[in-house]
Amino acid sequence: MPKVLSINGTLLFPPARKTIVAAAGLIRRGGLVAFPTETVYGLGADATAGRAVARIFEAKGRPPGKPLIVHVADPGQVRQVTASLPGEALELMHRFWPGPLSLVLPRSAELPPEVSAGLSTVAVRMPAHPVALGLIRAAGVPLAAPSANRSGRLSPTEARHVLEELAGRIEAVLDGGPCTVGVESTVLDLSGARPLILRSGAITRTQLEKALGTEIGCAVKGAGGALSVAPGLHCHRSFLRTPLILVTGPRKRRRALLGALTAGYRRRGFRVVVLPAPPGGRLLAGALFASLRRLDRGALDLILAEGFSPRGVGETVLHRLRQAAVRIIKA
Ligand code: TXA
Ligand code: MG
């Protein structure tokens, strides 16, 4: 067995065949194990064991009405947790799995109600990460897993982020290094008459529309509109401790305004920093959120985040910044 550290009783497993098997053993005994996925770290429990799933809510301080995503290791496992699979689901699974797309489908009666917080549906996804897939296979059961942060906080993209918030509250963390995508999966509801995006994420609406050849409704609006109808997201609060102001508008004007705001706040004794716009692209979502997390840990009074013209997954990143902002100012 490779060297395993214990932090406040939480084991930190390096990723290896033996540690994955040990982590799967903890899951089978009702334990909680955080694991890497391509999006963010998840906090996993045996999805078929109501008591284990209930512990996730305790460890995170998660509101009881907020359902969890079930993670599977292959598309066949979806039948264990759902009551029916529409053709659209099969099409999207074929096109985007393994990957950052969660599908909301009618749930199987055998699934413990805790998993989907009493709803008649269940969200399922197959993550594109070898450690996640290895863990689910070794456990032999699907894993219910929300993001591995305390409720209301930023989703973790590194094992140490998980330990900062959950050490002593969970059995183990499998360290798979930084997550490559860095932003959560898209949640698409296929249980109604028409497909509906409940949470914007790493797979864009355009990608989904192309795959299905139809228009897809979106319960998530960007600029100042409704947030999301995914349960638990409507009762929004910022995932940051430090207040964040988002500055949008054309590049030149927003840069000028950022400069003026920074100078003004500093003159009034505020400790303020600017979070510059990401250069774009999917791999940078993780870097942006990691900087945000670092800034939030520091002794700052204010974060001034620079807006940007969203392309692809950038739209989701901007949406998350809007959610976190106490104010949005258009230059
Ligand atoms: O990328 C991800 O999705 C990560 C990794 C770990 O897979 N997971 C994640 O889980 O972000 P969590 O619990 O932080 O967010 C799950 C979202 C919530 O907004 C929840 O309301 C929605 O999915 N959701 C889950 N089950 C649902 C259901 N049956 N109906 C509607 N929304 C659901
Ligand atoms: Mg979360």
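Note that ligands are numbered from 1 as they come in the structure, with each ligand's atoms numbered from 1 the same way. Quantities reported herein were computed from a predicted structural model and do not represent experimental measurements.
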Checklist line | Residue pairs involving residues 182-195 (criterion side-chain hydrogen bond (donor to acceptor under 3.5 Å, both in side chains); sequence neighbours excluded) | finding: S102-S185, S155-E184, E184-R320, S185-R199, D189-S191
Checklist line | Enumerated ligand 1 atoms positioned under 4.0 Å from heavy atoms of L198 | finding: 31 (C), 32 (N)
Notebook entry, point to check: Between the side chain of E306 and the main-chain N/O of P276, is any donor-acceptor distance below 3.5 Å?
Noted result: no
Note to self: Please compare S185, A202, P36, G42 and report which has the shortest non-hydrogen distance to atom 6 (C) of ligand 1.
What the structure shows: G42
Item checked: Side-chain (S116) to main-chain (G118) donor-acceptor, under 3.5 angstrom -> no
Note to self: Below the 3.5 angstrom mark, is there an N/O of T37, backbone or side chain, next to an N/O of ligand 1?
What the structure shows: no
Margin query: I'd like to check whether R125 has a polar contact with ligand 1, where a contact means an N/O of the residue lying under 3.5 Å from an N/O of the ligand.
Written below: yes
Checklist line | Polar atom proximity, S116 to ligand 1 (N or O, under 3.5 Å) | finding: no
Item checked: Connected-component partners of L11 among ILVMFWY, side-chain separation under 4.5 Å -> M1, V4, F13, I20, L26, I27, V33, F35, V131, L135, I136, V141, L143, L174
Note to self: Checking the N or O distance criterion of under 3.5 Å, is ligand 1 in contact with S102?
What the structure shows: no
Margin query: I'd like to check which ligand 1 atoms, numbered from 1 as shown, lie under 4.0 Å from a non-hydrogen atom of L119.
Written below: 28 (C), 29 (N), 30 (N)
Item checked: T121: numbered ligand 1 atoms lying under 4.0 Å from its heavy atoms -> 28 (C), 29 (N), 30 (N)
Checklist line | Min heavy-atom dist R62 to ligand 1 below 4.0 Å | finding: yes
Notebook entry, point to check: Can you check side-chain contact (heavy atoms from CB on, under 4.5 Å) on I170 and V162, steps first, answer last?
Noted result: CA-CA 10 Å; I170 62 176; V162 178; 4.2 Å; yes
Note to self: Which residue in the set R150, K60, R153, R297 passes salt bridge (Lys or Arg N to Asp or Glu O under 4.0 Å) when paired with E165?
What the structure shows: R153
Check: Mind checking whether F270 and L300 have side chains closer than 4.5 Å, heavy atoms only?
Finding: no
Checklist line | Proximal atoms of ligand 1 relative to V187 (non-hydrogen, under 4.0 Å) | finding: 23 (O)
Next item on the list: Please find out if the Mg ion (ligand 2) and some N, O or S atom of S151 are separated by less than 2.8 Å.
Entry: no
Item checked: Backbone N/O of A59 and side chain of R55: donor-acceptor pair under 3.5 Å -> no
Notebook entry, point to check: Short N/O distance, under 3.5 Å, between R199 and ligand 1?
Noted result: yes
Note to self: Using a 4.0 Å cut-off to any heavy atom of H71, which atoms of ligand 1 qualify?
What the structure shows: 5 (C), 6 (C), 7 (O)
Margin query: I want to check something: taking the side chain as every heavy atom from C-beta on, are E38 and P127 in contact at a cut-off of under 4.5 Å?
Written below: yes
